[in-house]
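Since the structure comes first, as structure tokens, the remarks are kept for the end.
FYI, side chains are in, hydrogens and waters are out, and symmetry mates aren't considered; it's all heavy atoms of this structure.
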Amino acid sequence: TNVPRDYVEFPSQATEDWALDTAVLTNYARHYQTGEVLPEALLKKLQAARSFNQGFASLEYIAAAELDMAWHELTEAPQDVLAFEQAALQKAGVDLALVPPRYRSSYFMHVFPGGYSAGYYAYLWAEAIAADAFRHQMQLGGLKREVGDAYRAAILSRGYTLPPMEAYRAWRGTDPTPDALLIRRGLKEG
């Protein structure tokens, strides 16, 4: 597909949303011996757990993305890596003792190797696009053939035949916003 890094993770994350959708979950979440469907009370707990600890996880992730970007803004190597990390996190406003960085530079593998250099933010942005897309699909009727076919035709089958956000806008009718992600994570009322 060869799409930009901040879009490449979107389709897989969008597919993950369906795993916790009631219509899908009841098809596979069954007792291994009796075949009984997952009880509704347990299903609701499972779905509610998705928003557990998301304030911490979101800030932890944002701090890692900010640190990644800070490394790629340097013009010369810092003398003290820990001091550099602290200064970068302070500058970004995410230096909080209660939410330490997810990674330290010495073992933050996405900073330089692996194709995500200055692009670690891509996972969170892809999740925001995915949440927005899932909300849109649910507004169109959810798990319906025509909803899936339209998504496949406009998004999954396009690759980089046109700029990804242009394809997204053509399908969705608007740019994605972080609102659906904030709602999903329990950080905003929905």
Side-chain angles (χ1 to χ4, degrees), residues 1 3-22 24-25 44 46-73 88-96 98-103 108 110-111 114-143 147-148 150-152 154-156 158-160 162-190:
T1 59
V3 296
R5 181 66 66 188
D6 60 357
Y7 193 83
V8 73
E9 298 286 344
F10 152 54
S12 66
Q13 289 191 25
T15 302
E16 290 172 15
D17 281 318
W18 289 105
L20 286 178
D21 181 73
T22 303
V24 174
L25 193 66
K44 296 235 181 278
L46 181 64
Q47 290 169 330
R50 189 175 197 180
S51 64
F52 172 75
N53 206 32
Q54 288 300 309
F56 181 94
S58 297
L59 185 58
E60 178 188 52
Y61 182 91
I62 290 167
E66 290 286 354
L67 184 58
D68 175 37
M69 293 298 251
W71 273 111
H72 289 86
E73 291 173 350
L89 295 172
Q90 283 176 344
K91 180 181 177 188
V94 293
D95 181 30
L96 302 170
L98 292 175
V99 186
R102 175 180 285 190
Y103 305 108
F108 188 6
H110 280 75
V111 170
Y116 280 86
S117 301
Y120 188 66
Y121 72 89
Y123 290 113
L124 191 58
W125 178 232
E127 188 181 354
I129 299 170
D132 187 76
F134 185 72
R135 181 171 72 177
H136 180 62
Q137 289 175 311
M138 296 306 285
Q139 291 168 341
L140 293 175
L143 197 60
V147 173
Y151 175 71
R152 180 170 31 109
I155 302 296
L156 298 179
R158 299 300 303 191
Y160 205 16
L162 71 153
M165 292 315 296
E166 189 176 311
Y168 189 88
R169 273 190 299 278
W171 169 71
R172 173 78 167 88
T174 186
D175 286 328
T177 70
D179 293 340
L181 177 62
L182 294 171
I183 293 165
R184 176 204 295 165
R185 287 186 168 212
L187 303 173
K188 181 178 179 176
E189 291 292 321

How about [X] and [Y]: do any of their side-chain heavy atoms sit closer than 4.5 Å?
X	Y	result
Glu60	Pro101	no
Arg152	Arg158	no
Tyr168	Asp175	no
Leu187	Leu181	no
Arg184	Glu127	yes
Thr22	Gln47	yes
Asp21	Phe134	yes

What are the two closest non-hydrogen atoms of [X] and [Y], and how far apart are they?
X	Y	answer
Ala154	Ala167	O-CB, 3.7 Å
Arg185	Ala57	NH1-C, 4.3 Å
Gln137	Trp171	CG-CZ2, 3.8 Å
Val8	Pro11	O-CD, 3.5 Å
Glu9	Ser12	O-OG, 3.1 Å
Leu67	Ala88	CD1-CB, 4.1 Å

Open item on the list: Rounded at 0.5 Å granularity, tell me how far CZ in Arg135 sits from CD1 in Ile183.
Closed with: 5.0 Å

- [ ] Taking only Lys NZ, Arg NE, NH1 and NH2, and the carboxylate oxygens of Asp or Glu, determine whether Glu66 and Lys91 approach each other closer than 4.0 Å.
- [x] no

- [ ] Using a strict 4.0 Å threshold on nitrogen-to-oxygen distance, state whether Asp17 and Arg50 make a salt bridge.
- [x] yes

Between [X] and [Y] (side chain of the first, backbone of the second, donor and acceptor by atom type, cut-off under 3.5 Å), is there such a pair?
X	Y	value
Ser58	Gly55	no
Tyr61	Leu124	yes
Asp68	Gly119	yes

Open item on the list: Take a 6.0 Å sphere around CZ of Phe56 and say whether it holds more than 12 heavy atoms from other residues, nucleotides or ligands.
Closed with: yes

Examine [X] together with [Y] and report whether their ring centres are nearer than 6.0 Å.
X	Y	answer
Tyr160	Tyr7	no
Trp125	Phe10	no
Phe108	Tyr120	yes

TODO: Go through the structure and list residues passing salt bridge (charged side-chain N to carboxylate O under 4.0 Å, His left out) with Lys188, not counting sequence neighbours.
DONE: Asp179

Task: Qualifying residue for side-chain contact (heavy atoms from CB on, under 4.5 Å) with Thr177, from Leu182, Ile129, Asp132 - done: Asp132

